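Just so it is clear: chains get the letters A, B, ... in the order the sequence lines come, proteins before strands, and each one is counted from 1. Keep in mind that what you see is a predicted model, and the values were worked out from it rather than measured. What you see below is based on every heavy atom in this structure, not just the backbone, and it leaves out hydrogens, waters and symmetry mates.
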Amino acid sequence: MTHPYIPNAGPAARAAMLAEIGASSVEEFYGDIPADLRLARPLDLPAPFADEQGLVRHLRGLLARNTDTTEALSFLGHGCYPHHVPAVCDEVNGRGEFLTAYAGEPYEDHGRFQALFEYVSMMGELLEMDVVNVPTYDGFQAAGTALRMAARYTGRRKVLVSGAVAPDKLGTIRGYLAPDIEVLLAPVAESGEIGEVGLDDTFAALYLETPNVHGVIETRGRQLADLAHSVGALLVVGTDPISLGVLAPPASYGADLVCGDIQSLGMHQQYGGGQAGFIASRDEERLVAEFPSRLFGIAPTAVEGEYGFGDVFYDRTSFALREEGKEWVGTAAALWGITAGVYLALMGPQGMREIGETILARTRYAMRALASSGAVVLHQESLHFREFVLEVPDADALLAALRAEGIFGGVRISPWRVLVCVTERHSIADIDTLAAAVKDALSTSGDRT
Amino acid sequence: MTHPYIPNAGPAARAAMLAEIGASSVEEFYGDIPADLRLARPLDLPAPFADEQGLVRHLRGLLARNTDTTEALSFLGHGCYPHHVPAVCDEVNGRGEFLTAYAGEPYEDHGRFQALFEYVSMMGELLEMDVVNVPTYDGFQAAGTALRMAARYTGRRKVLVSGAVAPDKLGTIRGYLAPDIEVLLAPVAESGEIGEVGLDDTFAALYLETPNVHGVIETRGRQLADLAHSVGALLVVGTDPISLGVLAPPASYGADLVCGDIQSLGMHQQYGGGQAGFIASRDEERLVAEFPSRLFGIAPTAVEGEYGFGDVFYDRTSFALREEGKEWVGTAAALWGITAGVYLALMGPQGMREIGETILARTRYAMRALASSGAVVLHQESLHFREFVLEVPDADALLAALRAEGIFGGVRISPWRVLVCVTERHSIADIDTLAAAVKDALSTSGDRT
Amino acid sequence: WDEQIVFELSRPGRRGIGVPAPDAPLVELPAGVGRSTPPALPELSQNQVVRHYLRLSQETLGADLNIDVGQGTCTMKYSPKVNDTFVRDPRIAELHPLQPEDSVQGVLEIYWRLEQILKEISGMARVSLQPGAGSAAIYANLSMIRAYHAARGEAGQRDQVITTMFSHPSNAACAKVAGYEVITLLPDADGYPDLDALRAAVGPRTAALLITNPEDTGIFNPRIREFVELVHAAGGLACYDQANANGILGITRARDAGFDLCHFNLHKTFSTPHACGGPAAGACGVSEALVPFLPGPLVDREGESYTLNSPTGSVGKIRPFLGVTPNVVRAYAWVMALGAEGLREVAETAVLNNNYLMHKVLRIPGASVPWADKRRVEQVRYSWQELAEETGVHSEEIGIRAADFGVHYWTSHHPYVVPEPFTLEPTESYSREDLDEYAAILAQVAAEARENPEFVRNAPYNQTVHRIDATSLDDPAQWSPTWRAYCRKHRQ
Amino acid sequence: WDEQIVFELSRPGRRGIGVPAPDAPLVELPAGVGRSTPPALPELSQNQVVRHYLRLSQETLGADLNIDVGQGTCTMKYSPKVNDTFVRDPRIAELHPLQPEDSVQGVLEIYWRLEQILKEISGMARVSLQPGAGSAAIYANLSMIRAYHAARGEAGQRDQVITTMFSHPSNAACAKVAGYEVITLLPDADGYPDLDALRAAVGPRTAALLITNPEDTGIFNPRIREFVELVHAAGGLACYDQANANGILGITRARDAGFDLCHFNLHKTFSTPHACGGPAAGACGVSEALVPFLPGPLVDREGESYTLNSPTGSVGKIRPFLGVTPNVVRAYAWVMALGAEGLREVAETAVLNNNYLMHKVLRIPGASVPWADKRRVEQVRYSWQELAEETGVHSEEIGIRAADFGVHYWTSHHPYVVPEPFTLEPTESYSREDLDEYAAILAQVAAEARENPEFVRNAPYNQTVHRIDATSLDDPAQWSPTWRAYCRKHRQ
């Protein structure tokens, strides 16, 4: 019998096909592979499961060794966030058509083009920007590319990056810009916002994040935009679109490029598998020309009133020009773009406002609850969205104590700092549970020391 | 804001629509409902969850109070069986098109008609019968209807039913036949097969089940068919189609009507929600005329070579004739028919043979393993498929002891009898685990007494 | 897609899935017991099976895909996707119905909670969730009616059931199966079931009245209490088919009108998906007097735990085990997403939508509604009689042409008391623009019928197949209810 | 479907989902920080959102639905449905990437196991599963190449990367991003990358050779070891783009040919779904010498437990967290359903299918294949040059017409070294009848092009939309990369 995944593998089928071709064996087709490159033995791999249920049992057995965030009470964030994923998002991205399509033309894949066009269009409304790309890999990549775009646009080779950026992300940005562009760091102020910003006309861009790595909302956007523009640099803002129902879109205070990750908009955490990046700009030809990624646009068809779709300004991409294109483009994270579109269509303006309000309110509630529990909450006077920092005597000890209570208490960002994340998925009761557990843990450890 | 499920509920939308109609309020439309029938207060219902995640959390909380058969090791059967459900079955029956379609015409619902036609056709091959109905509710209903069909066909009002039928099923059959047809029981022999059968020309049918309620395979099919036919009665056989890769199809030994449940063919157990019934016959006009259920058939269309579909002999149904139709027809379990079709298309002849062989072999293995563990295994010399009976001093005590080990050991069918079910999902190691636990339990309880 | 029959895709030696090997000695079966020739099932690889069925799914017009207001009486409402996730959870999907009670407390609690909800909505004393669909619920109610009269020693005497022509055919058909003679009330000049006919029919032989309200015409019978009282006075029971309950949720209750029994279709009013025609779910509500006869078991609450108990005089099981659990879970979740206020919004919006659509449809030349002066609640049975007289195009044909526009409709059950019928029920799920679009499609087809009747009569034009010649389906020499029958009769 | 843009379906006041209320005092935001005007997102009910996106999905030709052999180099194979169930399990879907290691042992074990498998398949010392797709893996490899040379003090000196024209454009483009000058080898008269050109290019400035084999033409370069040795001799590294690995699984290994780095596309060779263009997943394998530079962290096994560790000189994170976990899980499950023997069957069958299809396609008048005397492994880049010369119909146009038959194909990357190209790769997933049908469709379209070139040129005829006029997409005054841009430019 043939394997269920390989219809033509049976000896009879093979023989008939070989006969039709006029070949004696499949080996013939490998004739160009020199003997000394041929693997003379079977691959040494684990024995497979010939039946589906065996495979299921094996995989489920492995999965059972995980404890997920519906079993534990998780306050982990730091770039991957536990927002509620509407069932409709999963329904749509689970459709075989979307899940298994790839790179068809805008005829047979009209739906794919439309869904992605709608995604970028809804992002455009949220961002108040006219140009948004089809998703790139993730927010790290998006930031790196946005800064490279700024460098090409300005013809300069230096960028100033807010110090309030996640170290991993900063590392990726540095690596990505390394060959051409120098990365300098701006200090972080006492408030948790970006501090003193020193820019001159050698800088291509200032990169600001809001909410930043510590959940602090930057409030000096307009001032920083003006400063950057005054020296001919661009303001590049990293943000999470889920905040934009309540936070001003960066374009409104002068950002030239906006970028970030859309995992919040309908993607499960998936152990980090739900990331996808966006970059947005105004509709200025010179800026558009710097996008490496695909841009989908509406085009007329032979029939009046039909919406066709296609690639905007294709001849800037590496698909068209290889190394002469802008950076590179390839398969990235389109399905998450479609999913984020579904999310935004479900939420609408009202839903985005409400979720923002709820996260703001619960974050503040959590900060106060934890401050009352004996931990030091940093940047208490600043505005926070979704995340904040606890300072404690021993981050590892605290997290271990919480873990014992079935709580993933937050991300350890230093030996004495824990980043706590609160979303609309955390009820007030959940927050109270955390606060009580922190109080217990801190008082117990106090007893111990 | 309007509820996500009710687009027109907003006051503005309502007002505009009312204006267009020329009505002043929705109340007007209720004008025919007398005041004394109007409920003067809001319904007293639990407060709803305005947000999806709250609903999810509530439901998941309830579900967490269940322990399912992937968590416990379950040997429960007795009409609902733990077979492996291929992922493709779920993929197909989860498709929105199939899940939410209903009763369209064979044009816009061509796919529904074809999928159900293919289901009955594959069942026809398995059963070696030319007529199979679109699913009825379940195997109980199918048996009741098959016997009523036999009664109408023969014009007689008495049926003989094997005693080796599940009591609940027998109760349902009795209730269903009660107004018109007398039900007599045939004895069960020492072997577990049907015993002495007394039929005369007042009987419409003999109803035989194989494998029967105790998992025993009936071996005298041909003899019983001849006996029934000799007095002008029909042989009606209840069976599980998953056995027919290895067991002879009842038609091959003379059955006139075959019926049963298709839950085994790709339906999850679903706490009993996966049942669906089938009835099959030869293509004899008088028999076909007695089906109450829908029969789908191929029909030509205006274009040569196209397959159209439609209802075969519609004018026998209650849809066409109300109480003058045959029994009744209505929404039953079509999606499970489509799913069973997917299952059979995946399995093919080879898969059906292999699954049958595996179940036969593992059932015998389990019977021997349990006999060695100190329990009495009934009907040891008979052939079994999937189920067999343990006789023990105290069924409740045994099951409770097994439960404590994370095992659902079987269905208690009397104070000292337990029905054990083994499918292809149970590995040899699972069976050994059960046998060891039974041995422990019996020796411990032996110590206590 | 021009998709072949699955058998035509078969090639020897392929398979779609692997099966575990026995790992134990094979069992030999004697001749006549073992199968001698393998079944002629198709042989396909998994990819082919997926492709085949996904294509067939795309050739099926699910409610998810269209403005499904045309399957009147079926209450095609949106089935929330989130509710599907609960029933796919292994803690529902992988539960065996005979597990120990303490291992299924969650699902029992859902049964119990949904029963409380349906009790409140109907006013009944208890509700069984066992029946597999609406007709099964009707049959269950008839079983209880029979048991009730038997318990009072009147089983022989009470051998008649009265129903109405605009109630679902299963009311008549199930009554017949349950052993009753059926009396059907026709509509009177006002479209209501004929009260005089009921007076004439009712008597010592009356076991029950089975009635729908609003009926499938959409008209609510304002004298329903009189109907119930007449039957009660004769010693019969009154049984309410609430298939059309969607427009009256929270507005009026079965028990308050005096009914002794009622049933709901969870797949209609309570949003569980129609699934190509089931699995569905029915719920039977009864008054205190009939509680002992309910199908068993029922879920009782004792403190914080839930147990299964069978009523003393139970009619037994209408279906194996407890019920169609996935749909019970979905219905519960649906109510919990709406609450009392939401259910009333459902009802009012559905009624508003229905009246709005009627307003639009009645502007289409050739469309009419019988008893036009009567108010409509949840659906309307319309008529194309004028159009048919003018053009010779029948309602079925117009419906088939409508499919070319991506929608469908249902005429009505037989007999066609309303001539050239079509029955629309927009429910609360559709937007005003949806209703406008639907009405515009009907208007377009009606215009086509006037301009070019042949064109409409030869539809469809952009469906998978063209006009079907159904004659062979009623000819025993030609009909082919399976592929093997087809091959035997047409491929020799 | 004639489906509107989602904004056109919007009506004020509707919503698709409810959001939890704050349950705590609202936070006031100062002017300029808070949003002043709500975003002009569409407002739809949930039913409408479902309907809209399900319709769009039906207007998308997924690999599940068609004989998807035409997207050559993309390895469109069947993605088993069972593997999707694992990643939908909350124990994958709801895992946070920064959970304590002891709470994610299952997923870490899967990472570790898949790494062992890919090590064996490639012969490499270690494999990172972090990159988000193939191009990201190329970039990751370049980052390691850069770090390697930097560690040896040759960062400044080695500033050139050599690649070939029939390797994916990202090999050239990522090299450029990584700071390298790019030298591209053209095919020689035999279709192989020009060895003399390599000899000329290689030298002290050579950082690495990035090469695909078989190349996108389907031709396996038999002198690949010479290429590698030449580069090694010059002190450069050899990096193998194994996007086309499907036909050589278990046949030949990257490390055995001397390569220092390689990458696989899990969404191609290892069956994870292409998802409209990602999320995908790449895997970078390296020799011992490059292990210190791998992106981190990697999963190590210590006894029965698994831990995360970063290589000492790691290039850091190519992507946040550990990788595209769902695809790692799927790829692992796919291998575990096949095993060593199965993978070899995959390779051999894919190659057989490819040669069978080539045999069929070459019988179509007007179709040809350059370097026809060379053997093909996994795919073939064909040419319609003859047909184009005869009829004036271009390859793109033929592909668009093919869509009317429910299939598609891809031409090639630019520049079109093969004139009028089309690239087919049937993989192991398609049956002989599928290949016959596909070839028959191409033959049919070619015949149409001869009979009526205009007819083909004006296709499609039965797709959602008709022939698109793409000129506006390159005109800044007209292009509309979002709806708001469209409304501004075209709806004023």
Would the distance check show the side chain of [X] and the main-chain N or O of [Y] forming a donor-acceptor pair, the cut-off being under 3.5 Å?
X	Y	value
B/Thr331	C/Ala133	no
B/Tyr107	C/Ile468	yes
B/Glu357	C/Leu26	no
B/Asn66	C/Arg91	yes
B/Asn8	C/Arg432	yes
C/Arg375	B/Glu28	yes
C/Lys317	B/Thr172	no
B/Gln114	C/Leu56	no
B/Tyr137	C/Ala136	yes
B/Thr358	C/Pro20	yes

Requested in this report: Can you tell which part of C/Ser143 gets under 4.5 Å to a heavy atom of chain B, answering side chain, backbone, both or neither?
Outcome: neither
Give the member of [options] that has the highest number of heavy-atom pairs under 4.5 Å with chain C.
options	answer
B/Gly325, B/Ala13, B/Gly297, B/Pro135	B/Gly297
B/Gly308, B/Ala178, B/Ala72, B/Gly124	B/Gly124
B/Asp90, B/Leu18, B/Asp44	B/Asp44
B/Leu383, B/Leu399, B/Leu321	B/Leu383
B/Leu55, B/Leu346, B/Leu335	B/Leu346
B/Gly139, B/Gly94, B/Ala299, B/Ser74	B/Ala299

When only pairs under 4.5 Å are counted, which of [options] shares the most heavy-atom pairs with chain B?
options	value
C/Pro273, C/Ser472, C/Ala178, C/Ala275	C/Ala275
C/Glu428, C/Arg113, C/Arg319	C/Arg319
C/His466, C/Gln58, C/Arg253, C/Lys176	C/His466
C/Pro42, C/Pro320, C/Pro38	C/Pro320
C/Ser36, C/Ala175, C/Pro100	C/Pro100
C/Gly16, C/Gly339, C/Gly277	C/Gly277

Please flag which part of [X] lies under 4.5 Å from any non-hydrogen atom of chain C: side chain, backbone, both or neither.
X	value
B/Met352	side chain
B/Ala47	backbone
B/Val92	side chain

Do [X] and [Y] have side-chain heavy atoms sitting under 4.5 Å apart?
X	Y	answer
C/Val6	B/Met122	yes
C/Ile92	B/Tyr271	no
B/Tyr176	C/Tyr139	yes
B/Leu247	C/Arg35	no
C/Pro169	B/Trp328	no
B/Leu59	C/Asp89	no
C/Leu352	B/Ile21	yes
C/Val346	B/Ile6	yes

Report task. Establish, from distance only, whether the side-chain atoms of C/Glu94 and B/His268 form a donor-acceptor pair under 3.5 Å. Result -> yes
Report task. Answer with yes or no whether the side chains of B/His110 and C/Gln463 bring together a donor and an acceptor at under 3.5 Å. Result -> no
To the closest 0.5 Å, what do you measure between [atom1] ([X]) and [atom2] ([Y])?
X	Y	atom1	atom2	answer
B/Trp336	C/Cys276	CH2	SG	11.0 Å
B/Ile298	C/Trp479	CD1	CH2	16.0 Å
C/Cys174	B/Glu327	SG	CD	9.5 Å
C/Asp474	B/Tyr314	CG	OH	11.5 Å
C/His414	B/Ser318	NE2	OG	11.5 Å
B/Gln269	C/Phe321	CD	CZ	9.5 Å

Report task. Could you tell me whether B/Phe408 and C/His96 have their ring centroids closer than 6.0 angstrom? Result -> no
In plain terms, say whether [X] and [Y] are close enough for a salt bridge, that is, a side-chain N and a carboxylate O under 4.0 Å apart.
X	Y	value
B/Asp283	C/Arg484	no
C/Glu345	B/Arg14	no
B/Arg38	C/Asp256	no
B/Asp32	C/Lys374	no

Requested in this report: Apply the test side-chain contact (heavy atoms from CB on, under 4.5 Å) to residues B/Arg95 and C/Tyr53: give CA-CA distance (whole Å), side-chain angles for both, the deciding distance (0.1 Å), then the verdict.
Outcome: CA-CA 10 Å; B/Arg95 295 273 299 175; C/Tyr53 280 100; over 6 Å; no
Query raised in the report: side-chain contact (heavy atoms from CB on, under 4.5 Å) with C/Thr60: which residues, sequence neighbours excluded?
Result: B/Glu97, B/Phe98, B/Ala101, B/Asp109, B/Arg112
Requested in this report: Verify side-chain contact (heavy atoms from CB on, under 4.5 Å) between C/Leu95 and B/Gln270, making sure each step is shown before the conclusion.
Outcome: CA-CA 5 Å; C/Leu95 285 186; B/Gln270 298 170 79; over 6 Å; no
**Report entry** C/Glu341 atom CD, neighbour heavy-atom count above 12 within 6.0 Å
**Finding:** no
Report task. Before giving the answer on side-chain contact (heavy atoms from CB on, under 4.5 Å), spell out for B/Leu99 and C/Asp84 the whole-Å C-alpha distance, their side-chain angles and the decisive distance to 0.1 Å. Result -> CA-CA 10 Å; B/Leu99 187 62; C/Asp84 296 333; 3.4 Å; yes
Report task. Evaluate the side-chain contact (heavy atoms from CB on, under 4.5 Å) criterion for residues C/Ile110 and B/Leu63: first the C-alpha distance (whole Å), next the side-chain angles of each, then the deciding distance (0.1 Å), finally the verdict. Result -> CA-CA 9 Å; C/Ile110 291 170; B/Leu63 300 195; 4.0 Å; yes
Report task. Show your working on salt bridge (charged side-chain N to carboxylate O under 4.0 Å, His left out) between C/Arg15 and B/Glu354 and close with a plain yes or no. Result -> CA-CA 12 Å; C/Arg15 66 186 309 163; B/Glu354 289 174 358; 2.8 Å; yes
